[in-house]
Amino acid sequence: MKKLFLLLALAGFSIFVNAQNKGNLFIIGGGNRSDDLMKQMLNTADLKAKDYIIVLPMASEIPDSGYKTLALQLKKLDQHPIRNFNFNKHDVNDKSWIDSLAGAKLIYILGGDQNRFMKSVLNTAIYTALHKACKNGSTIAGTSAGAAVMSKYMITGKQLLDTAYKETFNKLRDKNIEFSPGLGLLENTIIDQHFLKRNRYNRLISALAAHPDLVCVGIDESTAIIVHGSKAIVAGEGQVIRLANPVALKNTDKGLLKFSHAEFGIFTAGDVIDVKP
């Protein structure tokens, strides 16, 4: 029954897809990838006989091991070819690789360090190929760092007012959160990952204060959002937090953030939420 509900919900998403007929984003908050969650990803991609899957492992410190682990899981569930495109060890201008990337029906970005990934991808043919694939109807998936890179304004993880790295952020101050350019597959939504597991509310609130016109989404581990146009359906075992539209946003003379209220929602599998593509 649960699987039937999900399939019906996904089928119903056709009414939400924008006029550009863009593909899907399958954004996972990190942690364990259950077989059920991976089946939902494969169902979203809707692979045909001649389609194939490409894995981009450049965020990972152990790209080959990360690829092998994912490939073993996917091969239990699906028989389509899976290719490892590690552009850190390959010419980013190789036309055959770039054309294959643009033509892949499912592209998966491994976790690790989002800054490492974007260093390999930004201002290259890889970036252009990913946008082309998404525009033509492919599914772009990613977990952890691979989730963070989906946004135009990518959270780097650093506090600008504190040089010591803290997973949870310990300040709610103006100009404390650092952003770098991400893939921009979501131009108007900021993604944060490992959200409840690492208690990243301060970080997401800081992101909202920095970009109050955007939607901010925190995805917990073993959980995903499946984005179609301006709507996203929640999948997986955990919860998704959505923040938007802070009212009376101000900074004190000491740089403390404050606002009177904002949209705040907590969502679980099957729920549909508004995002800004």
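All residue numbers refer to positions in the sequence shown, counting from 1. The figures here come from the full heavy-atom set of this structure, side chains too, leaving out hydrogens, waters and symmetry mates. All figures in this text were calculated on a predicted structure; none of them were measured in a lab.
- Between Ser60 atom OG and Leu70 atom CG the span is 11.0 Å, to the nearest 0.5 Å.
- Note on Ile28: it clusters hydrophobically with Ile82, by side-chain heavy-atom contacts below 4.5 Å among ILVMFWY residues.
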### Message
Applying side chain to side chain contact (heavy atoms under 4.5 Å, CB included) to Asn170 and Gln159, what does each step give before you reach the verdict?
### Response
CA-CA 9 Å; Asn170 62 344; Gln159 295 190 87; 3.1 Å; yes
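- Identified under the salt bridge (Lys or Arg N to Asp or Glu O under 4.0 Å) test for residues 171-191, with sequence neighbours left out: Asp162-Lys171.
- With hydrogens and angles ignored, the 3.5 Å screen pairs no side-chain donor or acceptor of Thr156 with any backbone N or O of Phe179.
- Counted by atom type alone, Asn199 and Thr168 present zero donor-acceptor pairs between their side chains at under 3.5 Å.
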### Message
Assess the residue pair Phe26 and Ile140 against the criterion (side chain to side chain contact (heavy atoms under 4.5 Å, CB included)); give the C-alpha distance rounded to whole Å, side-chain angles, the decisive distance to 0.1 Å, and a yes or no.
### Response
CA-CA 6 Å; Phe26 197 98; Ile140 313 296; over 6 Å; no
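- Sequence neighbours left out, not one pair with a member in residues 144-156 passes salt bridge (Lys or Arg N to Asp or Glu O under 4.0 Å).
- In the hydrophobic clustering of this structure, Ile241 does not group with Ile225; members are Ile, Leu, Val, Met, Phe, Trp, Tyr whose side-chain heavy atoms approach within less than 4.5 Å, directly or through other members.
- Counting only residues at least two apart or in different chains, side-chain hydrogen bond (donor to acceptor under 3.5 Å, both in side chains) contacts with residues 46-56 comprise Asp46-Lys48.
- Rounding to the nearest 0.5 Å places CD1 of Ile205 at 8.0 Å from CZ of Phe264.
- In plain terms, the two heavy atoms of Gly229 and Val275 that are nearest each other are O-CG2, 4.0 Å.
- Ion pairing between Arg242 and Glu263 holds under the 4.0 Å rule for side-chain N and carboxylate O.
- Side-chain contact between Val55 and Leu110 is present, with at least one heavy-atom pair separated by less than 4.5 Å.
- Checked by atom type and distance alone, the side chain of Lys276 pairs as donor or acceptor with a backbone atom of Asp213 at under 3.5 Å.
- What you find for Gly236 and Ala269 is that their closest heavy atoms are O-CB, 3.6 Å.
- Residues Ile273 and Phe267 are in side-chain contact: their nearest non-hydrogen atoms beyond the backbone lie under 4.5 Å apart.
- No side-chain donor-acceptor contact under 3.5 Å links Asn86 to the backbone of Pro57.
- Not a single ring pair (Phe, Tyr, Trp, His ring centres under 6.0 Å) links His261 to another residue, sequence neighbours left out.
- Ala209 and Leu249 get closest at one heavy-atom pair: O-CD2, 3.5 Å.
- Shown here for Ala104 and Ala133, the closest heavy-atom pair between the two residues is O-CB, 4.4 Å.
- For Ser260 (side chain) and Val247 (main-chain N/O), a donor-acceptor pair under 3.5 Å exists by modelled atom type.
- No donor-acceptor pair closer than 3.5 Å links the side chain of Asn251 to the backbone N or O of Leu257.
- Residue pairs meeting the ring pair (Phe, Tyr, Trp, His ring centres under 6.0 Å) criterion with at least one member in residues 99-150, sequence neighbours excluded: Tyr127-His131.
- A donor-acceptor contact shorter than 3.5 Å links the side chain of Ser100 to the backbone of Ser96.
- Contact of the Leu106 side chain with the Leu42 side chain is registered, since non-hydrogen atoms from C-beta on lie closer than 4.5 Å.
- Taking every heavy atom of both residues into account, Ala244 and Ala262 meet most closely at O-CB, 3.5 Å.
- The shortest distance between side-chain heavy atoms of Val215 and Asn188 does not fall below 4.5 Å.
- Counted within 6.0 Å of NZ on Lys166, heavy atoms from surrounding residues, nucleotides or ligands total more than 12; the atom is thus considered enclosed.
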### Message
Assess the residue pair Ile219 and Ile27 against the criterion (side chain to side chain contact (heavy atoms under 4.5 Å, CB included)); give the C-alpha distance rounded to whole Å, side-chain angles, the decisive distance to 0.1 Å, and a yes or no.
### Response
CA-CA 8 Å; Ile219 308 171; Ile27 309 175; 3.7 Å; yes
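- Taking CG of Asn176 as the reference point, atom CG of Leu160 lies at 6.0 Å (rounded to 0.5 Å).
- Side-chain atoms of Leu196 and Thr223, non-hydrogen and from C-beta on, never get closer than 4.5 Å to each other.
- Contacts of Thr69 classified as side-chain contact (heavy atoms from CB on, under 4.5 Å), with partners at least two apart in sequence or in another chain: Arg33.
- Gln40 contributes atom CD, which lies 8.5 Å from atom CD1 of Ile233 (distance to the nearest 0.5 angstrom).
- For the pair Ile266 and Val240, the minimum side-chain heavy-atom distance is 4.5 Å or more.
- Between the side chain of Ser151 and the backbone N or O of Ile191, at least one donor-acceptor pair lies under 3.5 Å.
- Linking ILVMFWY residues whenever their side-chain heavy atoms come closer than 4.5 Å, directly or via other members, places Met118 and Leu130 in the same cluster.
- For Ala129, the side-chain contact (heavy atoms from CB on, under 4.5 Å) partners two or more places apart in sequence, or in a different chain, are Ile98, Leu101, Ala102.
- Side-chain contact check for Asp36 and Ser34: no donor-acceptor pair (N or O, by modelled atom type) lies under 3.5 Å.
- A search for side-chain contact (heavy atoms from CB on, under 4.5 Å) contacts involving Ser144 returns Gln193, His194, not counting sequence neighbours.
- With rounding to the nearest 0.5 angstrom, the CG atom of Leu185 is 5.5 Å from the CG atom of Leu25.
- Screening residues 139-175 for ring pair (Phe, Tyr, Trp, His ring centres under 6.0 Å) gives Tyr153-His211 as the qualifying pairs, with residues at least two apart or on separate chains.
- Side chains of Ile155 and Ile190 form a contact here, defined as non-hydrogen atoms less than 4.5 Å apart.
- For residues 62-77, every residue pair satisfying the salt bridge (Lys or Arg N to Asp or Glu O under 4.0 Å) rule, not counting sequence neighbours, is listed here: Asp35-Lys76, Asp64-Lys89.
- In this structure, the side chains of Ile53 and Arg83 stay at 4.5 Å or more apart for every pair of heavy atoms.
- Among residues two or more places apart in sequence or in another chain, the ring pair (Phe, Tyr, Trp, His ring centres under 6.0 Å) test is passed with Tyr201 by Phe195.
- Contact between Ala125 and Asn93 at its shortest, heavy atoms only, is CB-OD1, 4.4 Å.
- Both Ile107 and Phe87 are members of a single hydrophobic cluster when ILVMFWY side chains are connected at heavy-atom separations under 4.5 Å.
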#### Entry: Stepwise side chain to side chain contact (heavy atoms under 4.5 Å, CB included) test for Leu183 and Ile109
CA-CA 11 Å; Leu183 290 174; Ile109 303 170; 3.8 Å; yes
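- Side chain of Ser222 to backbone of Asn32: a donor-acceptor contact under 3.5 angstrom is found.
- Lys119 pairs by the side-chain contact (heavy atoms from CB on, under 4.5 Å) definition with nothing, not counting sequence neighbours.
- Taking CE of Met41 as the reference point, atom CG of Leu77 lies at 8.5 Å (rounded to 0.5 Å).
- Listed for the Arg116 side chain is a donor-acceptor partner under 3.5 Å among the backbone atoms of Ala59.
- Looking at Asp220 and Lys197, no side-chain N of the basic residue comes within less than 4.0 Å of a carboxylate O on the acidic one, giving no salt bridge.
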